[in-house]
There are 2 protein chains.
Amino acid sequence: MPPRKRTTPAPLAQPFKARAQPVKPAAPRLRDAEQTRADILRAARRAFATAGYARSGMRDIAAAAGITPALVVRYFGSKQGLFVAAIAGELALEPFLAAERGVLGRHIARHLFSKPRPEADILTILLLAAGDEEVRGLATELFTARIVQPLARWLGPPRAEARASLLLALISGAWMFRRALPLRSFAGGPDTVLVAELAAQLQRIVDGE
Amino acid sequence: MPPRKRTTPAPLAQPFKARAQPVKPAAPRLRDAEQTRADILRAARRAFATAGYARSGMRDIAAAAGITPALVVRYFGSKQGLFVAAIAGELALEPFLAAERGVLGRHIARHLFSKPRPEADILTILLLAAGDEEVRGLATELFTARIVQPLARWLGPPRAEARASLLLALISGAWMFRRALPLRSFAGGPDTVLVAELAAQLQRIVDGE
DNA sequence: GCGCCAAGTAAACGTTCGTTTACTGGAGAA
DNA sequence: TTCTCCAGTAAACGAACGTTTACTTGGCGC
């Protein structure tokens, strides 16, 4: 097939780029390093969780935090440093485990389908970071050290690591299509057939069949 | 906490960017539009599947195909057009279904843990595209129209769509940590405890419990 | 009230990006 | 042989990127 002459295909999505607005547009920002640092981290998490690492610009994050990109560099050294700070100590197993073994499946499933908090959604950040060589290593380390290993310890024999890996895969897959790449069939509330089915499968893995 | 003065944190990964080399460096490239088009698509798929959409530059793709970026535009109109062409008609359910219902779980599990082909790995491309607003819509449409709906039809009652969604989630999660964001616990061959466990869980969903 | 340090800004750095424009040259038809 | 497409190239466009430099200014200790 010869190349088409000049038929520019209609763009699938406009390059429209909504410049993030500061939360308080006209307030002259009182000088509070601690607060500013927290604002930057919140804005960064929200950006990384919705647009991924590569597509989240320093200028956008700074604007969303109500400050200047140079200040972000001053606080975190670089974009990579900001990413590290944004996910450091924030991926924990506990929110998923806060339940007895017998109802863990249902607990996790309902957690997945609860209201999202984009500024605290570390799992989405890490999943979206998969394509960025710059930060991919960090994500794999975190998943292994903070999820698979402690979960395997918590589950116990038999086949602890395989069952932990499987739980992670199922949870991440569901999370993916619920949050990062939303599919229609994952769009319902926490009382749907899908959630019940998901809960049952998770519980089966927890129980070791 | 005050910002650190000038402590640039050691970079986690060098900005080293291996400029992709043409497959045949010094060959003066014979003029074959069809072949060139195929070369570009192959290079594009490989790039998108390893670096994601945003991080795959037109120059890198063109260089890997042994041509000039302007030629890529001439053939596909734009980067988005290239992406569309790269995934069009390539995400199919059939490779996963080529088995009888009774052994489908094992079939899929082994397929996931077989040797990867980066130039044909559409599933990875779509998973990595999750963070790119430009192409995210395409990915969701493809997953729904090419995977969930036909799979639900193939599975049949009861709870066809929920089971299809669950299968997609589990497959994608495993694929994620096997291909896109490789974890140590997913690194083994096709004859591991994990693969057996995965096969069993998949089969349970296929069987409807 | 007055320094002074640090919080914060403004503007530019050099690079890379996707894309455009103008050109070159190989090969089939006459 | 010469004409003429069209595959392919070279170079540059403007915009956006992460980051750096130099500057301004608010609030606290004395």
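Values below: every heavy atom of this structure, side chains too, minus hydrogens, waters and symmetry copies.
Summarising the geometry, the separation between CD1 on B:Ile67 and P on D:dT9 is reported as 7 Å, rounded to the nearest angstrom. A:Ile40 places its CD1 atom 15 Å from the C1' atom of D:dG18, with the value rounded to the nearest Å. Atom NZ of A:Lys79 is separated from atom P of D:dT19 by 8 Å (rounded to the nearest Å). Going from atom CG of B:Asp32 over to atom P of D:dA7 covers 10 Å, rounded to whole Å. The distance between atom CG of A:Leu71 and atom P of D:dT21, rounded to the nearest whole Å, is 16 Å. Whole-Å rounding puts the A:Met58 CE to C:dG14 P distance at 19 Å. In this structure, B:Gln80 places its CD atom 13 Å from C1' of C:dT19, rounding to the nearest Å. At whole-Å resolution of the value, CD1 in B:Ile61 and P in C:dT19 are 11 Å apart.
A search for ring-ring contact (aromatic ring centres under 6.0 Å, His included) contacts involving B:Phe113 returns nothing, not counting sequence neighbours. With sequence neighbours excluded, no residue forms a side chain to side chain donor-acceptor pair (under 3.5 Å) with A:Ser172. The ring-ring contact (aromatic ring centres under 6.0 Å, His included) check on A:Phe186 picks up A:Phe177, with sequence neighbours excluded. The side chain to side chain donor-acceptor pair (under 3.5 Å) search around A:Glu197 returns B:Arg159, not counting sequence neighbours. With sequence neighbours left out, the salt bridge (charged side-chain N to carboxylate O under 4.0 Å, His left out) criterion links B:Arg106 to no other residue.
Between D:dG8 and B:Arg74, no contact under 4.0 Å exists linking OP1 or OP2 to a side-chain N or O. Distances shorter than 4.0 Å separate some side-chain N or O of A:Tyr75 from OP1 or OP2 on C:dG8. Between B:Thr36 and D:dG8, a side-chain N or O to OP1/OP2 separation shorter than 4.0 Å is present.
Between A:Phe96 and A:His111, the angle of the ring planes lies from 30° to 60°, which puts this pair in the tilted group. The aromatic rings of B:Tyr53 and B:Phe83 sit perpendicular, their planes meeting at an angle over 60°, well past the 30° parallel limit.
In the set D:dT9, D:dT19, C:dG18, C:dG18 carries the atom at the smallest distance from any side-chain atom of B:Arg59. Among the nucleotides D:dT20, C:dC17, D:dT9, the one closest to the side chain of A:Val73 is D:dT20. Of the candidates D:dT21, C:dT19, D:dT19, the closest approach to any side-chain atom of A:Pro69 belongs to D:dT19.
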Under-3.5 Å N/O pairs linking protein and nucleotides 23-30 of chain C:
from	atom 1	to	atom 2	distance (Å)
C:dG25	N2	B:Arg31	NH1	2.6
C:dG25	N2	B:Arg31	NH2	3.2
C:dG25	N3	B:Arg31	NH2	3.2

